[in-house]
Amino acid sequence: MNGQRRANTRRVRVGGREIELTNLEKVLFQEPGITKGELIGYYGRIAPVMLPLIKGRPLTLHRFPGGAGEAGFYQKKAAGYFPEWVNRVSIDLRMGRAEKRMVQITCENKATLIYLANLACIPHVWLSRTDRINYPDRMIFDLDPPDSGFEAVRYGALIMREILMEAGIEPFVMTTGSRGLHVVVPLDRETDFGETREFAAAIAGMIAGLAPDYFTVEIAKQKRAGRLFIDTYRNSFAQTAVAPYAVRALAGAPVAAPVGWDEVKDKRQKLTPRKYTIRNILERLRQRGDPWEEMDRKSFSVRSAAARLRSFSRT
DNA sequence: GACCTCT
DNA sequence: AGAGGTCAACGCGCG
DNA sequence: CGCGCG
Ligand SMILES: [Mn+2]
Ligand SMILES: [Mn+2]
């Protein structure tokens, strides 16, 4: 026999690429007892829906080698030991005054997704793609409740949608798998991060102005005073948001799950931020389809939305 | 989690 | 073969 | 500039 075949280890071939999977029996999520093997299996099955949503986006890996409940750390730079077939992209950071070049990765195929799953990481993605890296194709409103209360999040998302519709935008929505929702807008990549963030902040400010007892745009925890924080800072260069269909490092292995607006609106559907997990999201997709199917056929202009909003508030 | 060095 | 140490981010806005 | 924050 050449090489050791540890019981817990397996070599697989995915799209012609060889991957060594390790510690497959290791329990990464207590409670239901979800192993790394099951986690990897999930990413393999979700790949067809997930890959189109993350391709071309530099990744930040939020790694949890000890599983949910243990300490994690972030990794942005491509490690030398990553397989050569993992796509690398060189990125120039303007760190304050200094400048720095960093090599990061993107996930272009199923093999990479499986490889990353074996690293026990949560993929977070940029809001722009490498072929036009300074111009986001996503605008994200991150609704962060102060506690586990979800009602304010639901209302916040619905109000957000109303205002965006007035501005000519049809937003999409997903649970984060943690405590809130992301309201997501596909953009035409004609507006840079700064201007996009400014527009997002203006929208968020309108909502905080309408219901200041419930919503705030203050990032400082002391100033939030129990209110839901509408976080628009994700809309910045080299910043990330949890990838759709990523598995969070939380009990039960909840996933960031694109959902339909009907689910947010209709209380009887009992949407919660952790409703969908590694164990039920595929069934949801089979039964109800992909709620974001239309996303890549749409794109909105921050500039015309801003113009529409201005003329609307003048009247 | 992966890699390296030391025993 | 196994133990043990080491490494793994960054932008924004405020005071 | 350092710090809180995600
Ligand atoms: Mn959030
Ligand atoms: Mn946030």
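For the numbers below, each heavy atom of this structure counts, side chains included, while hydrogens, waters and symmetry mates do not.
Of the inter-residue distances, the one linking A:Glu18 atom CD with A:Trp85 atom CH2 reads 10.0 Å to the nearest 0.5 angstrom.
The pair A:Glu170-A:Lys298 meets the salt-bridge criterion, with a side-chain N (NZ, NE, NH1 or NH2) lying under 4.0 Å from an Asp/Glu carboxylate O. Ion pair A:Arg288/A:Glu283 not flagged as a salt bridge, since none of the NZ, NE, NH1 or NH2 atoms sits closer than 4.0 Å to an Asp/Glu carboxylate oxygen.
Rounded to whole angstrom, the span from the CG atom of A:Asn8 across to the C1' atom of C:dG2 amounts to 17 Å. Atom CZ of A:Arg97 is separated from atom C1' of C:dG11 by 16 Å (rounded to the nearest Å). Rounded to whole Å, the distance from CG on A:Leu143 to C1' on D:dG6 is 14 Å. For A:Ile122 and C:dA9, the CD1 to P distance is 16 Å, given to the nearest whole Å. Rounded to an integer number of Å, the gap from CG of A:Leu228 to C1' of D:dG6 is 14 Å. Atom CD1 of A:Ile105 and atom C1' of C:dA8 are 12 Å apart (whole Å). A straight line from CG of A:Leu127 to P of C:dG11 spans 15 Å, rounded to a whole angstrom. One atom, CZ of A:Arg248, and another, P of D:dG6, lie 13 Å apart when rounded to the nearest Å.
Between A:Gln239 and A:Glu218, it is A:Gln239 whose nearest contact on DNA chain C lies nearer the 5' terminus.
For A:Lys100 and C:dA9, the shortest distance from a side-chain N or O to OP1 or OP2 is not below 4.0 Å. Distances shown here put every side-chain N or O of A:Lys223 at or beyond 4.0 Å from the OP1 or OP2 atom of D:dG4. Within the structure, a side-chain polar atom (N or O) of A:Lys77 is placed less than 4.0 Å from OP1 or OP2 of C:dA9. Between A:Lys36 and B:dG1 there is a side-chain N or O to OP1 or OP2 distance below 4.0 Å. Between B:dA2 and A:Thr22, a contact under 4.0 Å exists linking OP1 or OP2 to a side-chain N or O. When the side-chain nitrogen and oxygen atoms of A:Asn23 are compared with OP1 and OP2 of B:dA2, none of them lie within a distance under 4.0 Å.
Checking C:dC12, D:dG6, B:dG1 against the side-chain heavy atoms of A:Arg197 singles out C:dC12 as nearest. With C:dG13, D:dC5, C:dA9 as the candidates, the nucleotide lying closest to the side chain of A:Tyr74 is C:dA9. Closest to the side chain of A:Ser236, out of C:dG11, C:dG13, D:dG6, is C:dG11. Taking every side-chain heavy atom of A:Asp142 into account, D:dG6 is the closest of D:dG6, C:dC10, B:dG1. When the nucleotides C:dA8, B:dC3, C:dG11 are ranked by their closest atom to the side chain of A:Gln75, C:dA8 comes out on top. With B:dA2, C:dC12, D:dG6 as the choices, the nucleotide that has an atom nearest any side-chain atom of A:Tyr233 turns out to be C:dC12. Checking B:dG1, C:dA8, C:dG11 against every side-chain atom of A:Lys26, the shortest atom distance belongs to B:dG1. Counting only heavy atoms from C-beta on, A:Arg224 has its side chain closest to D:dG6 among D:dG6, B:dC3, C:dG11.
Note on A:Phe237: only backbone sugar-phosphate atoms sit closer than 4.0 angstrom, heavy atoms only; bases stay farther off. Across all strands, A:Leu61 comes closer than 4.0 Å to no nucleic acid atom at all (heavy-atom distances).
For A:Glu31, the CD atom sits in a loose shell: 12 or fewer heavy atoms of surrounding residues, nucleotides or ligands are nearer than 6.0 Å.
The gap from the C1' atom of C:dA9 to that of D:dG4 amounts to 15 Å, rounded to the nearest Å. Comparing the P positions of B:dG1 and C:dC10 gives a spacing of 23 Å, expressed to the nearest Å.
You'll find the side chain of A:Glu20 reaches within 4.5 Å of the side chain of A:Thr9, heavy atoms only.
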For this session: Given side chain to side chain donor-acceptor pair (under 3.5 Å), test A:Ser178 with A:Arg248 step by step and report yes or no.
Result: CA-CA 7 Å; A:Ser178 179; A:Arg248 310 309 300 268; 4.8 Å; no
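Between A:Arg224 and A:Ile219, the shortest heavy-atom contact is NH2-O, 2.8 Å.
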